[in-house]
Structures are given as C-alpha cells and as structure tokens.
Peer 1: 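Below you'll find the structure I mean.
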Amino acid sequence: MATKGNSRGRYMTKVGHYDIYGKDSYRPKKDGASKHIGAEVSSTEFIIYHAKKIVQKGFKTKELAIEKATELMGKK
C-alpha cells in the first residue's frame, strides 16, 4: 500500500508544542561511467511548525531552530 509523501521534510524534534523539520536539497551524484548513481544532500533548511502552519523557516542548523523555538515558547 502506498503512502502519501511528506512535503514538510524529515521530522527532527519537538520543542514544547513546536515541531522542527529538516528539508533537504539534493544534487545529483555523478560517477564516471553511469551519469547519475543517486542523489546527495547539498544543504538542509530547518523549519519550525505549529500544527500545520509554518512559524518560521530559514535556519541553517538544528541548534538555531531549537533556540528560536524555546524563545517563542517564552513569548506566549
């Protein structure tokens, strides 16, 4: 049975009621004889979600996203 794809990215962690996902960008991996063996991750962007809504995106590291989510928890 097929499942729906996850457009949010990879689930990383939960901070309070915020979820942090990592969305990968791929580039093709090239190898001599065969052009495309697979894909390798070129960069990862971390996104903070609350339920299904994006709270903030554009973090380069997981630690920065966790720090911002704890800061957002203190506001409310």
Side-chain angles (χ1 to χ4, degrees):
M1 183 174 198
T3 61
K4 288 185 175 182
N6 189 356
S7 61
R8 293 183 193 161
R10 293 182 291 133
Y11 177 77
M12 294 292 174
T13 187
K14 185 172 193 73
V15 178
H17 56 275
Y18 294 112
D19 295 320
I20 298 176
Y21 285 83
K23 192 159 196 154
D24 297 328
S25 298
Y26 294 100
R27 67 172 165 243
K29 185 176 9 174
K30 295 184 179 178
D31 188 29
S34 59
K35 291 289 181 191
H36 301 287
I37 299 295
E40 60 183 24
V41 176
S42 62
S43 66
T44 303
E45 176 187 25
F46 294 92
I47 306 167
I48 300 173
Y49 281 89
H50 178 250
K52 294 181 180 180
K53 296 184 80 170
I54 294 177
V55 176
Q56 199 162 6
K57 65 180 183 177
F59 297 103
K60 298 295 181 191
T61 64
K62 182 179 171 182
E63 289 75 25
L64 289 174
I66 291 172
E67 184 178 312
K68 182 64 177 181
T70 53
E71 180 183 317
L72 289 171
M73 288 289 297
K75 278 186 177 179
K76 296 182 179 187

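None of the values given here were measured: they were computed from a predicted structure. Computation of the quantities below employed the complete heavy-atom set of this structure, encompassing side-chain atoms and omitting hydrogens, waters and symmetry-equivalent molecules.
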Peer 1: Identify the two heavy atoms, one from Phe46 and one from Lys60, that lie closest to each other, and give their separation to 0.1 Å.
Peer 2: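 Minimum heavy-atom separation between Phe46 and Lys60: CE1-O, 3.6 Å.
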Peer 1: Side chain to side chain donor-acceptor pair (under 3.5 Å) with Lys62: which residues, sequence neighbours excluded?
Peer 2: none
Peer 1: With a 4.5 Å heavy-atom cut-off, do Asp19 and Tyr11 have their side chains touching?
Peer 2: yes
Peer 1: Give the C-alpha distance, both sets of side-chain angles, the deciding distance and a yes or no for side-chain contact (heavy atoms from CB on, under 4.5 Å) between Ile48 and Phe59.
Peer 2: CA-CA 9 Å; Ile48 300 173; Phe59 297 103; 3.6 Å; yes
Peer 1: For residues 37-52, pull every pair meeting side-chain hydrogen bond (donor to acceptor under 3.5 Å, both in side chains), keeping only residues two or more places apart or in separate chains.
Peer 2: Asp24-Thr44, Arg27-Glu40
Peer 1: Establish whether Leu64 and Leu72 are linked, either directly or via other cluster members, by ILVMFWY side-chain heavy-atom contacts under 4.5 Å.
Peer 2: yes
Peer 1: Return the CD1 to NZ distance between Ile20 and Lys68, rounded to the nearest 0.5 Å.
Peer 2: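 Between Ile20 CD1 and Lys68 NZ, I get 12.0 Å after rounding to 0.5 Å.
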Peer 1: Find the distance between OH (Tyr21) and NZ (Lys57) and round it off to the nearest 0.5 Å.
Peer 2: 15.5 Å
